[in-house]
Amino acid sequence: MSLETVDSEGQHIASAVSDEVVINLSQVNKWYGDFHVLKDIDLTVYKGERIVICGPSGSGKSTLIRCINRLEEHQRGDIQVNGVTMDTNLKNIDAIRRDVGMVFQQFNLFPHLTVLENCTLAPIWVKNMAKSEAESVAMTLLERVQIPEQAAKYPGQLSGGQQQRVAIARSLAMNPNIMLFDEPTSALDPEMISEVLDVMVGLAESGMTMLVVTHEMGFAKRVADRVIFMDQGEIVEQNTPDEFFNNPKSDRTKLFLSQILAH
Amino acid sequence: MAELTHTDAVFTPKPSQPPPPNTVGVVGWLRKNLFGGPFDSVMTIIGAGLLAYFAYGLFQYTIVNAVWEADSYRECLDVTQGAGACWAGVDKWMNNYLYGRYPDAEQWRVNLGGIILAVWLAPFWFEKVTQKIAVGVSAVLTYPFLAGALFLGGDNGLFMQAMSSVALTLFAAVWLNVAACYSGRRSLGAVLVQVTGFAGKDDRLYKWVYLAAFAVGFVVAFIFQSTWNLAPVQTTNWGGLFLTLVISGIGISTALPSGVILALGRRSKMPVIRVFCTAFIELFRSVPLITILFMAVTMMPLFLPVTLNPDKLVLVIVAVCIFAAAYMAEIVRGGLQAINTGQYEAARAVGLNYWKMMTLIVMPQALKLMIPNIVGNFIGLLKDTTLVSIIGLYDILLMVRASGQDPKWLGMHTEPMLFAAFVFFVICFAMSKYSQHLERTIGGGYGRR
Amino acid sequence: MAVLEKGSPHRASRSLSEWLHDERVRSVLYQAIVAIVVIAVARYLFINTSENLQARGMSAGFDFLSTGAGFSIAWSVLPYTAGDSYFHVYLVGIGNTLMVAFVAIICTTLLGFLVGIMRLSKNWLIAQVASWYVEILRNTPLLLQILFWFLAVFSLLPRPNKSLSLLDLFYLNNRGLYIPAPVPGDGFNITLIAVLVAVGATYAQAVWARKRHFDTGQRFPAFWTGLGILFGLPLLVFLVTGAPLTFDYPALKGFNFLGGASVPPAFCALLLALVIYHSAYMAEAVRAGIMSVSHGQTEAAYSLGLRPGMTLRLVIIPQAMRAVVPPMISNWMNVVKNSSLAIAIGYPDLVAVYMQTSLNQSGHAIEIVAMVMLFYMSVSLSISMALNYYNKIVQLKER
Ligand SMILES: Nc1ncnc2c1ncn2[C@@H]1O[C@H](COP(=O)(O)OP(=O)(O)OP(=O)(O)O)[C@@H](O)[C@H]1O
Ligand SMILES: [Mg+2]
């Protein structure tokens with residue numbers, strides 16, 4: 001793990017957590033067929049909070065964050081995002097998705113569109129933004145993720161790290177107030193991981209509310225306000241990174257940490 | 001670092017609860033797959049209604065109102081008023097649908113031919129049998145002669161007799177091999193070597209053992225077949241499903257080898273060969289089969305010496321083979337293109353020459369990739385064989401048409417066509433399902449990403 | 001010379017066996033053998049043919065094309081009367097082939113898309129129905145299906161005096177399908193011009209709406225406006241010019257219908273069979289194309305806030321079309337080729353009128369077979385050129 005590398009770069013970034021609730025899950029349950037994936041999940045996320053979610057494979061991390069923008073449907077319990085309740089009302093779902101950006105493990109860029117078109121598609125067609133305006137917003141964001149020179153290329157011509165940074169820029173182009181990351185660096189070669197993490201750190205510094213599923217413990221230590229550990233569809237333990245890494249409460253957490261940190 | 005101590009809170013996972021009742025089980029399935037929303041529900045109801053209507057109609061027509069015993073179509077109509085099928089007519093004509101005008105007394109030869117082929121190829125599906133390739137190759141190369149001798153009857157000359165004997169010998173060898181494999185030996189060859197006492201001797205002598213055994217078998221088979229006294233049956237009397245299977249069977253078994261050769265030719269670096277193969281493939285792929293058939297029966301006789309006076313069936317089979325080869329060539333080419341150049345380079349690097357590289361390294365991989373397309377092509381060919389009815393061969397389709405023109409069964413079209421459709425569906429559907437099965441089992445690990 | 005460069009230049013004379021094992025020598029040798037065999041076979045066939053023709057007292061050549069064909073053709077798109085030249089018969093055959101193939105291609109594409117999308121439906125029943133539709137149609141011979149529609153459906157229709165009719169305008173009976181034939185009056189040309197103008201205006205409107213959307217972000221209901229212009233403008237012009245169009249209605253006179261336009265039952269049966277059979281293949285191409293777009297694409301679009309309809313239009317379809325177009329086009333080619341099965345039910349297509357009737361009458365087998373094959377080859381060639389062009393464009397856009 002890149003614990004040392006990122007850790008040595010700097011201290012924990014100052015947190016900017018306000019007491020405004022942006023996401024609230026209460027008693028959320030989800031099943032895949034007969035399989036109980038999420039069990040009574042309670043989670044409150046405050047504006048500006050940066051949460052890292054970790055846990056063994058198959059523990060339901062992806063499922064949890066995918067429920068937050070309705071890529072998965074939960075069967076019991078309540079989910080509220082920005083005060084909007086998630087139900088079958090398409091208007092509500094639209095409203096939530098507009099304000100929640102998501103970055104995937106496999107990037108999922110649109111291969112038939114250029115980098116710039118990837119970033120302007122949603123602003124033009126969802127927000128009805130003028131093309132020139134959308135392009136200038138997109139260029140600003142591409143500069144922020146440090147690949148403005150790639151704007152005219154197609155995703156297939158970029159490296160993995162560059163593609164993931166485009167994916168981040170594409171989400172940011174909708175100006176979301178919450179960002180979800182599902183293992184954004186797991187599909188990347190080691191030398192590309194840090195270029196993506198750097199972008200995410202920058203995003204954290206700007207005060208974005210972030211939920212990040214990752215196994216990059218260095219990133220967690222440096223950025224997270226709270227670390228959540230999941231196993232078998234439950235939140236086993238949540239705490240500040242300091243407490244979480246140095247003083248874990250549960251035996252399950254300790255086992256996990258010893259495995260993940262024991263190269 | 002985290003270490004386990006006895007003061008830890010012990011994590012006990014919550015027990016899984018059963019899902020809400022309306023999301024699983026029958027109700028959940030219905031809600032998810034049939035009644036997901038108002039639009040979905042309407043579609044389901046409309047669809048189910050239409051389906052029930054057609055299914056009921058078909059059931060009424062084919063079973064409930066059908067007539068099974070009658071002597072003419074009139075009689076059927078009197079009973080059903082057209083609301084039911086007249087299976088009596090199909091039953092009376094069944095023999096013709098299957099064998100055409102092949103004499104009743106000789107039809108056992110057709111059946112026997114079919115059984116021999118099935119028995120010959122059966123070891124393919126036996127687990128312990130070795131040398132399955134040899135089973136297939138021997139059948140493809142020699143069975144047609146044996147079958148030809150059996151179906152034609154009469155005196156077909158020394159060449160046909162010799163080839164039938166070879167076929168009989170190989171057929172026996174295939175099954176002796178099965179017996180050898182299942183009695184714990186490695187193969188028939190090993191048994192032969194052991195029995196003759198050559199085991200452990202110089203293995204260059206082995207091939208002489210095999211040859212001698214083959215010669216003995218050949219002589220026995222030749223004597224055996226010369227005792228046959230089969231009445232000649234002209235090809236003009238061949239017909240029905242039998243004829244359809246003969247034509248498509250020959251087409252299928254020649255398509256693969258000739259398709260491979262054409263495909264290799266098209267990819268060859270030698271311009272003369274490449275141009276010739278490309279022209280051949282493109283010409284016969286771009287025109288409809290019916291024009292090739294017309295070409296065969298109208299133009300071919302002009303090309304050949306008057307004295308030859310070729311059989312129409314032979315001309316048609318040649319046309320079908322050409323057509324099938326051209327299509328197969330493109331499939332093989334597609335398969336070859338999918339093989340990584342690294343494979344060619346590696347084969348060259350270990351010192352294989354062109355033919356060894358192709359037969360040992362490239363073709364086996366490419367063939368596995370091509371299985372779905374090859375089977376698709378076979379199915380296509382079997383269906384396309386029905387076109388021979390247009391130029392007057394009495395295949396199953398022409399028999400179906402003929403039965404509706406029989407004065408006794410005048411107007412009986414729907415029933416025989418349903419029967420023929422059913423026959424084709426069963427054969428083709430089974431083939432396509434089997435190819436999907438093959439793709440999943442032996443094709444695994446190759447083409448899929 | 002060239003051989004020496006790569007071989008072993010140091011030795012002046014090499015043994016024959018060494019020479020035969022040289023790669024280049026072999027290559028030349030193989031090619032020479034193939035060329036000689038091909039030429040020998042061609043010569044043999046040529047000699048046989050000329051002997052055969054002589055024996056039959058015939059001469060090869062295309063002179064017969066200008067002589068009159070004595071037979072009549074039951075139905076044709078191009079005008080034809082018995083006695084027109086054989087070359088005219090060729091053109092009439094091509095016209096009939098293209099007519100049925102063209103209509104079939106349009107219908108089969110639409111139906112194929114519908115069935116392909118149905119196969120992917122989340123509704124189990126719809127998906128199952130679509131999948132059995134595909135399986136049944138693909139696993140029975142087309143010729144059988146054509147005969148079925150012709151013998152078991154269209155031939156069993158009632159006689160003209162008991163026709164099935166729709167609104168007393170359209171009649172279907174065992175002589176064919178009868179529809180009112182439009183008879184344009186004075187000034188109808190203005191309406192035709194209006195149609196052209198409307199097409200242009202619709203296109204311009206769509207371009208303008210897109211530009212405005214890109215420039216200002218404001219959306220414009222281009223689809224509905226376009227639809228309005230497309231139908232509204234010609235209708236308006238038509239009414240203003242005094243509706244100068246009358247119809248010639250089919251009517252029963254004696255034992256048959258007169259007036260109106262009609263297509264024979266063979267046309268209906270062939271068209272229906274071609275459309276239904278190929279729609280099954282089309283559906284498979286559509287299904288495979290849509291499935292080739294990974295689910296991640298949909299999820300990414302949803303997470304950006306795109307609605308399902310827009311996701312389909314902007315993300316899924318553009319990608320799926322790359323996989324759908326090549327098999328779709330080769331399917332069109334198959335429609336053209338399979339329309340030759342018309343001969344089995346007496347629809348006068350190219351093969352029926354030319355390769356069968358004309359060939360039987362004139363006996364010029366070689367010339368006629370060559371001409372028919374030439375037609376199908378040129379259609380196939382143009383279609384594959386179109387396909388290559390499409391592939392090139394797509395590749396350019398991707399990289
Ligand atoms: N669509 C699905 N249908 C059925 N089961 C699923 C589906 N998606 C996920 N699962 C199952 O649900 C469980 C949780 O999956 P999830 O993807 O949320 O795990 P995860 O914690 O993200 O694991 P990983 O670290 O491997 O990504 C797993 O056991 C998985 O097999
Ligand atoms: Mg996951």
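For clarity, every value in this text was computed on a predicted model and none was experimentally measured.
Crowding of B:Y354 atom OH: a count of heavy atoms from other residues, nucleotides or ligands under 6.0 Å exceeding 12. Heavy atoms of other residues, nucleotides or ligands lying less than 6.0 angstrom from OH of A:Y32 number more than 12. Annotation for B:W355: atom CH2 does not count as buried by contact number, only 12 or fewer foreign heavy atoms lying within 6.0 Å. When the shell of 6.0 Å around CZ of B:F422 is examined, it contains 12 or fewer heavy atoms from other residues, nucleotides or ligands. Atom OH of A:Y46 has 12 or fewer heavy atoms from other residues, nucleotides or ligands within 6.0 Å.
Within residues 77-99 of chain A, no residue has any heavy atom closer than 4.5 Å to a heavy atom of chain B. Proximity to chain B among residues 56-76 of chain A is limited to A:Q75, A:R76, judged by heavy-atom separations below 4.5 angstrom.
Closest approach of B:P19 and A:G33 over heavy atoms only: CG-O, 3.6 Å.
By the side chain to side chain donor-acceptor pair (under 3.5 Å) test, A:Q238 pairs with A:R226, sequence neighbours left out.
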Dump the intermediate steps for side-chain contact (heavy atoms from CB on, under 4.5 Å) on A:W31 and B:Q17, then the final yes or no. CA-CA 9 Å; A:W31 288 263; B:Q17 292 161 19; 4.2 Å; yes
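Contacts of A:D40 with chain B are made by both backbone and side-chain atoms, with heavy-atom separations under 4.5 Å. Contacts of B:P18 with chain A are made by backbone atoms alone, with heavy-atom separations under 4.5 Å and no side-chain atom involved.
Side-chain contact check for B:P13 versus A:D231: every heavy-atom pair is 4.5 Å or farther apart. Using a 4.5 Å cut-off on side-chain heavy atoms (C-beta onward), A:K39 and B:S16 make contact.
Judged purely by atom type and a 3.5 angstrom limit, B:K14 has no side-chain atom pairing as donor or acceptor with the backbone of A:E234.
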Expected list for residues 335-344 of chain B: side-chain donor-acceptor pairs under 3.5 angstrom, two or more places apart:
from: B:N340; atom 1: OD1; to: B:G342; atom 2: N; distance (Å): 3.1
from: B:Q343; atom 1: OE1; to: B:Q365; atom 2: NE2; distance (Å): 2.8
from: B:Y344; atom 1: OH; to: B:R267; atom 2: NH2; distance (Å): 3.2

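Taking CZ from B:F11 and CG from A:L255, the interatomic distance works out to 11.5 Å, rounded to the nearest 0.5 Å.
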